[in-house]
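Only one structure is covered here, and it is reproduced in the block below.
Starting from 1, each residue takes its place in the sequence as its number.
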Amino acid sequence: MRATHHASGVLGDYVALTKPRIISLLLITAVGSMFLAAGGWPDPLLTALVVLGGYLAAGGANALNHSLEGDIDQRMQRTQRRPVASGRVSQRQAFLFGTALNLAAFAILALFVNVLSAVLAISGTLIYIFVYTKGLKRTTPQNIVIGGAAGAVPPLVGWAAVTGTIELPAVYLFVIIFLWTPPHFWALALLIKDDYARAGIPMLPVVSTLAETKRQILLYTVVLVVVSASFAATGAVGWIYLVGALALGGGFLIRAVRLARADGIKGAKALYVFSIAYLALLFGVAIADSLVDRYLIG
C-alpha cells in the first residue's frame, strides 16, 4: 500500500513538472489553428499527433523551467511546494525529464507530421528556456513581453502540421497570443507582487508604479482587441469569428478599464481570470467559424 502511494506521488510530481493546466490552453490554440488551416475538421490522427507532440514539447519546457528556477520557486509562497523547489524531485532529474520529453516531441512530430512542425515546437522550448528563463526573467521587466513569444508558438505548429508551411493567418494567431500575454500575466503579477519582490524578479509591478502597470495592461489590451478583430481581414475567418472577437475583446477591454480606474489592484483578479477564458473562447469561436463556413455555408 505504501509503495503504491509512493509511486502515485512520484508520478504526480512528474506530471506536475509539465504544468498540465497551462498546457491545456496552449493545445487549444494549436488545435484551433489546425481547424482554420484545414478549413474544417483536421485529420483526427494528425490532430492527435500534434496534441501529443505539443504536450511533450511544452511539458518538457516546463520541466526544464522547474529545474532552472528551483531557487526562485523556493522564495515564492505560490511556488514553494513545486516538486523541485520542495526537494521531492532533484534539479538533475527534472532537467533530464524535460530534455527527454522534448526529444520525444521532436521525434514524433518530425517522423509522423513534418519537420517544420517539429522545429517550431522545439523553438518554443528554446525561447522559453534560453530567452525567457535564463536571459530575461531575472534581468528586465520586459521579460514576459519578449519571452511571451514561446507561448505564441503552438498556432504556428498547428498550421504547419496541416499545410507544411507558415502563412499570414498563422502569423496573426502568433501575434494575438503574443499581445495577450502581457495583460494576462501582469494582472497575475499584480496579485502576487510581493512574491516576485521577495524572489528578486523584476516583474513590471515590482519595478514600476501601480499606475504605469495598469496603463501598460490597458495599452496592450487595446492593441490586442484591434489585432484580433483585424484577423478577419485575412479571409481565414468570417463574421462569426468577428462578432465573437469583438464581444470577447469588449469584455477584456471593460475589465482593463475598470482595473485602470480602480483603487489599488481591485479588478486584477477578474481581469486575470477573464483573460484565460478569453483566449480559449476566441479560438473556440474561430473553430466554430471554420465549421460553419465549411459544412453549413460552403
Polar side chain donor-acceptor pair, T209 to E212, under 3.5 angstrom: no
Stepwise side-chain contact (heavy atoms from CB on, under 4.5 Å) test for F106 and V119: CA-CA 7 Å; F106 185 87; V119 170; 4.2 Å; yes
Step-by-step side-chain contact (heavy atoms from CB on, under 4.5 Å) determination, L271 to I217: CA-CA 10 Å; L271 178 61; I217 289 174; 3.5 Å; yes
Give the cluster check for L253 versus L282: same hydrophobic cluster or not, with ILVMFWY residues linked at side-chain heavy-atom distances below 4.5 Å. no
Value rounded to 0.5 Å, distance of CD1 in I28 from OG in S33: 13.5 Å
On a heavy-atom basis, the closest approach of P155 and T29 is CD-OG1, 3.8 Å
Minimal non-hydrogen separation, G124 against V153, with atom names: CA-CG2, 4.0 Å
Got a second to check how far L210's CG is from K214's NZ, nearest 0.5 Å? 4.5 Å
I need the L156 CG to S123 OG distance, nearest 0.5 Å. 7.5 Å
Are the side chain of S228 and the backbone N or O of L224 linked by a donor-acceptor pair below 3.5 Å? yes
Between CG on residue L64 and CZ on residue F130, distance to nearest 0.5 Å: 8.5 Å
Between atom CG of L52 and atom CG of L27, what is the distance when rounded to the nearest 0.5 Å? 10.0 Å
Verdict with reasoning, L109 to N114, per side-chain contact (heavy atoms from CB on, under 4.5 Å): CA-CA 6 Å; L109 292 173; N114 56 51; over 6 Å; no
Is any side-chain heavy atom of W186 less than 4.5 Å from a side-chain heavy atom of V145? yes
If hydrophobic clusters are built from ILVMFWY residues whose side chains come within less than 4.5 Å, do F283 and L246 share one? no
Any heavy-atom pair between the side chains of L17 and Y14 that's under 4.5 Å? yes
Could you check whether any side-chain N or O of D73 sits under 3.5 Å from a backbone N or O of A85, counting only pairs where one atom can act as donor and the other as acceptor? no
Parallel, tilted or perpendicular: which describes the rings of H184 and W180, with under 30° parallel and over 60° perpendicular? parallel
Tell me the closest heavy-atom pair linking A110 and A118, and the distance in Å. N-CB, 3.6 Å
Side chains of F97 and T18: does their closest heavy-atom pair fall under 4.5 Å? yes
I'd like to know if R138 and D71 make a salt bridge, using a cut-off of under 4.0 Å between side-chain N and carboxylate O. yes
Grab the two heavy atoms, one from P205 and one from A189, that are nearest each other, plus how far apart they are. CG-CB, 3.7 Å
Give a yes or no on this: more than 12 heavy atoms of other residues, nucleotides or ligands lie within 6.0 Å of atom NZ of K134. no
Walk me through it: do Y128 and N65 pass the test side-chain contact (heavy atoms from CB on, under 4.5 Å)? CA-CA 8 Å; Y128 187 50; N65 175 262; 3.4 Å; yes
Between atom NZ of K137 and atom CD1 of I201, what is the distance when rounded to the nearest 0.5 Å? 5.5 Å
Report yes if the side chains of L56 and N102 come closer than 4.5 Å at any heavy-atom pair, otherwise no. no
Do L126 and I129 share a hydrophobic cluster (ILVMFWY, side-chain heavy atoms under 4.5 Å, transitive)? yes
With a 4.5 Å cut-off on side-chain heavy atoms, are F185 and M203 touching? yes
Return the orientation label for the F231 and Y172 ring planes: parallel under 30°, perpendicular over 60°, tilted otherwise. tilted
For the residue pair T140 / N143, report whether a side-chain donor-acceptor contact shorter than 3.5 Å exists. no
Is I22 linked to L101 within one hydrophobic cluster, defined over Ile, Leu, Val, Met, Phe, Trp and Tyr using a side-chain heavy-atom separation of less than 4.5 Å? no
For Q77, look at atom CD and say whether over 12 heavy atoms of other residues, nucleotides or ligands are found less than 6.0 Å away. no
For S86 and R88, does a side-chain donor sit closer than 3.5 Å to a side-chain acceptor? yes
Considering all heavy atoms, the nearest W159-P169 contact: CH2-CB, 3.5 Å
For F95, is the CZ atom crowded, meaning more than 12 foreign heavy atoms sit under 6.0 Å from it? no
Heavy-atom distance under 4.5 Å between the side chains of L190 and L259, does that happen here? yes
Any heavy-atom pair between the side chains of L36 and L173 that's under 4.5 Å? yes
Does any N or O in the side chain of S67 come within less than 3.5 Å of the main-chain N or O of A63, such that one atom is a donor and the other an acceptor? no
D289 side-chain N/O to V285 backbone N/O, donor-acceptor pair under 3.5 Å: no
Sidechain N-carboxylate O distance under 4.0 Å for E69, R82: no
Is the closest basic N to carboxylate O distance between R198 and D195 below 4.0 Å? yes
Is it true that L218 and L279 fall in one hydrophobic cluster, defined by side-chain heavy atoms closer than 4.5 Å? no
Heavy atoms, side chains only, cut-off 4.5 Å: are P182 and Q216 in contact? no
If I compare all heavy atoms of A94 with all of V84, which pair ends up nearest, and what's the gap? CB-CG2, 3.7 Å
